[in-house]
Amino acid sequence: MAKNKDKGKRSIIITSAILALILGLSIVLNVVALSWGSLLEGFLGTVGSGRTEGQFMSAYASDEELQAAQRAFNLQVAEEGAVLMKNENSALPLAKGSRISLFSRSCVDWVTGGRGSGAVSADATLSLKTVMESAGFEVNPVLWDFYLNRTETRGPGSTTGGGNIEGEWQIGETPLSAYTADVKSSYADYNDAAIIVLARNGGEGSDLPTNMDRYGGTADENYLELNSDEKDLLAEVASAGFKKIIVIVNCANPLELGFVNDAAYKIDACLRMSGTGNNGINALAGIFNGEVNPSGRLVDTYVFDNFSAPAMQNFGDFRYINSALVDSNGNPNHSYLNYGETMYVGYRYYETRYEDFVLGRENTGDYDYASTVVYPFGY
């Protein structure tokens with residue numbers, strides 16, 4: 001009899017524990033469902049009031065209304081995310097009606113996003129020229145058409161994945177030797193401002209090259225510094241007598257920006273404008289005519305030399321020696337990279353070392369922050 005009573009007690013305890021567990025799970029699942037209801041409905045296709053099977057909940061009455069809202073939000077992000085890194089002598093905004101010249105092959109090949117899952121379809125009706133004209137500026141047509149008809153192209157900056165480095169990383173700037181007398185003589189009629197676009201690509205599965213001799217450069221150049229054609233272009237513009245010289249950095253990666261403060265290039269203003277999505281290039285209209293304040297802050301540290309960070313010593317083009325995939329010269333065409341720098345990359349390194357130097361900590365060395373960092377994180 002006593003044994004039966006013990007079994008009954010154990011059954012009640014086990015049953016109670018199971019019910020308590022079920023109750024607890026029910027409470028947790030209800031909280032999750034309330035917090036993530038709309039996401040779950042979208043994923044599961046749940047049908048609710050006023051909807052039929054297969055429809056999803058939306059705050060918009062039509063696809064067109066939804067897309068209009070998305071474009072408006074994208075434009076807002078582009079406007080608020082633009083960073084004005086330099087603006088001497090009130091170079092920006094420009095006066096309405098200013099006659100301007102747009103420079104570089106990248107001015108007609110604007111970067112809207114990254115590669116892979118970061119790729120974006122741009123609005124085909126938009127270009128830097130149409131945007132500037134919509135802002136009330138007159139754009140040098142001779143120079144614009146010159147770039148449109150050039151064949152240089154920026155490399156796609158992507159790979160086929162899996163460590164296959166078949167992607168191309170050409171910068172694609174037009175060499176100064178290609179500028180005709182007619183092109184150069186057109187500057188004089190559109191000399192209120194020269195706007196130079198410097199752009200780079202990037203994407204998933206692709207480490208940026210530290211050696212550009214495979215892509216039309218030299219072994220001592222890296223992808224995030226000016227190449228010789230870009231330097232020649234800056235020098236050409238500086239000597240051409242423009243009233244203002246403005247650089248747009250159309251790139252999500254941190255270019256080496258020491259050149260911005262190089263007196264030889266006479267740069268008055270520098271604006272960082274990374275990938276603008278479908279229609280975000282329109283933000284430039286408001287920024288240049290003064291209707292929009294480019295109030296963004298840098299999310300990277302921009303330095304004089306990217307190799308000033310110790311982490312770069314671990315970076316490079318390393319190939320599997322037994323790769324079955326080879327390039328046209330028979331060299332292995334699968335690459336790898338072992339990351340070993342822990343957390344001290346970018347601003348984490350530069351700011352930490354500066355703090356250690358200021359506080360007099362051991363093994364900091366002779367560290368000059370001002371000659372290392374051009375624009376710090378958060379600028």
Check for a donor-acceptor pair, side chain of [X] on one end and backbone N or O of [Y] on the other, with a separation under 3.5 Å.
X: K244; Y: A91; result: yes
X: D356; Y: R361; result: no
X: R297; Y: S295; result: yes
X: E256; Y: N306; result: yes
X: D213; Y: A219; result: no
X: D109; Y: R105; result: no
X: S98; Y: F137; result: no

Are [X] and [Y] connected, step by step, through hydrophobic side chains (Ile, Leu, Val, Met, Phe, Trp, Tyr) whose heavy atoms are closer than 4.5 Å?
X: L126; Y: L75; answer: no
X: Y302; Y: V345; answer: no
X: I267; Y: L176; answer: yes
X: I100; Y: M273; answer: yes
X: L224; Y: F304; answer: yes

Q) Can you check side chain to side chain contact (heavy atoms under 4.5 Å, CB included) on I246 and L94, steps first, answer last? A) CA-CA 10 Å; I246 300 160; L94 299 177; 4.0 Å; yes
Got more than 12 heavy atoms from elsewhere within 6.0 Å of [atom1], [X]?
X: Y369; atom1: OH; result: yes
X: I321; atom1: CD1; result: no
X: K86; atom1: NZ; result: yes

Side-chain contact test, heavy atoms from C-beta onward, threshold under 4.5 Å: evaluate it for [X] versus [Y] and give yes or no.
X: V111; Y: N201; answer: yes
X: D229; Y: P175; answer: yes
X: M132; Y: I195; answer: yes
X: D262; Y: L234; answer: no
X: N250; Y: S106; answer: no
X: N222; Y: M312; answer: no
X: I196; Y: I245; answer: yes
X: L271; Y: I287; answer: yes

Q) Out of F146, Y187, Y179, which residue meets the ring-ring contact (aromatic ring centres under 6.0 Å, His included) rule with F103? A) Y187
Please determine, by modelled atom types, if [X] and [Y] share a side-chain donor-acceptor pair under 3.5 angstrom.
X: T125; Y: D123; answer: yes
X: Y349; Y: S308; answer: no
X: N278; Y: Q70; answer: no
X: N140; Y: S101; answer: yes
X: N279; Y: N74; answer: yes

Rounded distance (nearest 0.5 Å) linking atom [atom1] of [X] with atom [atom2] of [Y]:
X: L143; Y: D182; atom1: CG; atom2: CG; result: 12.0 Å
X: I281; Y: T112; atom1: CD1; atom2: OG1; result: 9.0 Å
X: D192; Y: R99; atom1: CG; atom2: CZ; result: 8.0 Å

**Q.** Option passing side chain to side chain contact (heavy atoms under 4.5 Å, CB included) with M85 (candidates V247, V260, L257, V374)
**A.** L257
Q: Could you please spell out the steps behind the side-chain hydrogen bond (donor to acceptor under 3.5 Å, both in side chains) verdict for D220 and T218?
A: CA-CA 5 Å; D220 60 350; T218 63; 2.4 Å; yes
Q.
Parallel, tilted or perpendicular, judged at 30° and 60°: which one describes the rings of Y265 and F259?
A. perpendicular
Q: Evaluate the ring planes of Y347 and F377, with Trp represented by its six-membered ring, and classify them as parallel (under 30°), tilted (30 to 60°) or perpendicular (over 60°).
A: parallel
Q: Starting from the C-alpha separation in whole Å, work towards a yes-or-no answer on side chain to side chain contact (heavy atoms under 4.5 Å, CB included) for L128 and V108.
A: CA-CA 7 Å; L128 186 56; V108 300; over 6 Å; no
(Q) If you apply the rule side-chain hydrogen bond (donor to acceptor under 3.5 Å, both in side chains), what do you find for R272 with Y375, and how did you get there? (A) CA-CA 11 Å; R272 178 190 176 275; Y375 297 108; over 6 Å; no
**Q.** Candidate pair K231 and E221, rule salt bridge (charged side-chain N to carboxylate O under 4.0 Å, His left out), full reasoning
**A.** CA-CA 13 Å; K231 292 175 182 177; E221 291 176 344; 5.7 Å; no
Q.
For R200, run the salt bridge (charged side-chain N to carboxylate O under 4.0 Å, His left out) check against E230, E225, E173 and tell me which one passes.
A. E230
Q: Locate the shortest heavy-atom distance separating V237 from A194; write the atom from each residue and the value.
A: CG1-CB, 3.5 Å
Q | By ring-ring contact (aromatic ring centres under 6.0 Å, His included) - contacts of Y190 (at least two apart) | A | none
